[in-house]
There are 2 protein chains.
Amino acid sequence: MNDLDLGAFIKDHRKKADLTQLQLADLAGIGKTTVFDIEKNKETVRFNNLLAVLQVLNIKIEFKSPLTK
Amino acid sequence: MNDLDLGAFIKDHRKKADLTQLQLADLAGIGKTTVFDIEKNKETVRFNNLLAVLQVLNIKIEFKSPLTK
DNA sequence: CTAAAATTACTGCCCTAACAGTAATATTTA
DNA sequence: TAAATATTACTGTTAGGGCAGTAATTTTAG
């Protein structure tokens, strides 16, 4: 599917936002362990936690199919 | 963020693929209850389970930020 | 180099997502 | 219409994600 390294992508954006993992976790309202897991590409994280992180970093998520392309 | 109704979006694609929830669940390797939850927009589902469903339906996920736009 | 900060890693507990089974509705088909 | 199928809903059990706390390692700042 998307072989993008989402963890690295998020980490990069966090750095550019000048946030530590703990700060990002607090802003997203989740635990620091979860932020760490997400940046480590742990896919078993809950979708809402991932969304919370993306929202803080102003990253939008899009879904595309051959139908909607 | 994306105020798309992801559940309805997935359901629509499942219908177009002519799959029942149970068939989709089996193809994705997850339980039928989880498919039901996803179509009901339960955001606390695990990201990997959502990805499995998207993959079966040939839906790609993209992440966009003002930086990568 | 040294000190401070951040990241990575591990632990144990709690909570709940995931699941199969079942049943009640809803929808589709004959 | 009735029968078959699919969806929605609920339940009890189980596996593991989430979390704070802690500590070790790495990175950054002075």
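For the numbers below, each heavy atom of this structure counts, side chains included, while hydrogens, waters and symmetry mates do not.
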| Axis-to-axis angle across the helix from dC1(C)-dG30(D) to dA30(C)-dT1(D), five pairs an end, to 10 degrees? | 70°

| task | Starting from P on dA6(C), measure out to CD on Glu39(A) and report it in whole angstrom. | result | 14 Å

| said: Apply side-chain contact (heavy atoms from CB on, under 4.5 Å) to residues Ile38(A) and Leu6(A) and explain how you reach the verdict. | reply: CA-CA 8 Å; Ile38(A) 288 175; Leu6(A) 179 59; 5.7 Å; no

| field | Length of the line joining Phe36(A):CZ and dA9(C):P, which is rounded to integer Å | value | 4 Å

| task | Rounded off to whole Å, could you give me the CD-to-C1' distance for the Gln21(B) and dG21(C) pair? | result | 16 Å

| request: Among dC19(D), dT8(D), dT7(C), find the nucleotide with the atom closest to the side chain of Lys11(B). | output: dT8(D)

| query | Rounded to the nearest Å, what distance is computed from the CG atom of residue Leu22(B) to the C1' atom of nucleotide dA23(C)? | reply | 16 Å

| query | Below 4.0 angstrom from OP1 or OP2 of dA17(C), is there any side-chain N or O of Thr33(B)? | reply | no

| query | With under 30° as parallel and over 60° as perpendicular, where do the rings of Phe47(B) and Phe47(A) fit, or are they tilted in between? | reply | parallel

| said: For a quick test of reading the model, state the closest non-hydrogen atom pair linking His13(B) to Ser65(A) and the distance between them. | reply: NE2-OG, 2.7 Å

| said: Within the structure provided, determine whether Ile59(B) and Val53(B) are in side-chain contact (heavy-atom separation under 4.5 Å). | reply: no

| To the nearest angstrom, how far is Lys42(B) atom NZ from dC10(D) atom P? | 12 Å

| said: Side chain of Arg46(A) only, heavy atoms from C-beta on: which candidate in dT7(D), dT16(C), dA18(C) is closest? | reply: dT16(C)

| remark: Winner on side-chain proximity to Asn49(B), out of dT7(D), dA18(C), dT7(C), is dA18(C)

| query | Nearest-Å distance, CG (Asp26(B)) to C1' (dA20(C))? | reply | 12 Å

| request: Scan Ile30(B) against the nucleic acid and name what it touches under 4.0 Å (heavy atoms): base, sugar-phosphate only, or nothing. | output: sugar-phosphate

| query | Under the 3.5 Å rule, do the base of dA20(D) and the side chain of Lys32(A) count as making a donor-acceptor pair? | reply | yes

| query | Looking at the side chain of Lys15(B), which of dA9(D), dT7(D), dC19(D) is the nearest nucleotide? | reply | dT7(D)

| Between atom CD in Glu43(B) and atom P in dA18(C), what is the gap in whole Å? | 13 Å

| Residue pair Gln55(B) / Leu51(B), side-chain heavy-atom distance below 4.5 Å | no

| In whole angstrom, what separates Leu24(A)'s CG from dC19(D)'s P? | 12 Å

| query | Taking all atoms of both residues into account, what is the closest heavy-atom pair of Arg14(A) and Glu39(A), and its distance? | reply | NE-OE2, 2.6 Å

| OP1 or OP2 of dC19(D) under 4.0 Å from side-chain N/O of Thr34(A) | yes

| said: Do Leu50(A) and Ile61(A) have side chains that approach each other closer than 4.5 Å (heavy atoms only, starting at C-beta)? | reply: no

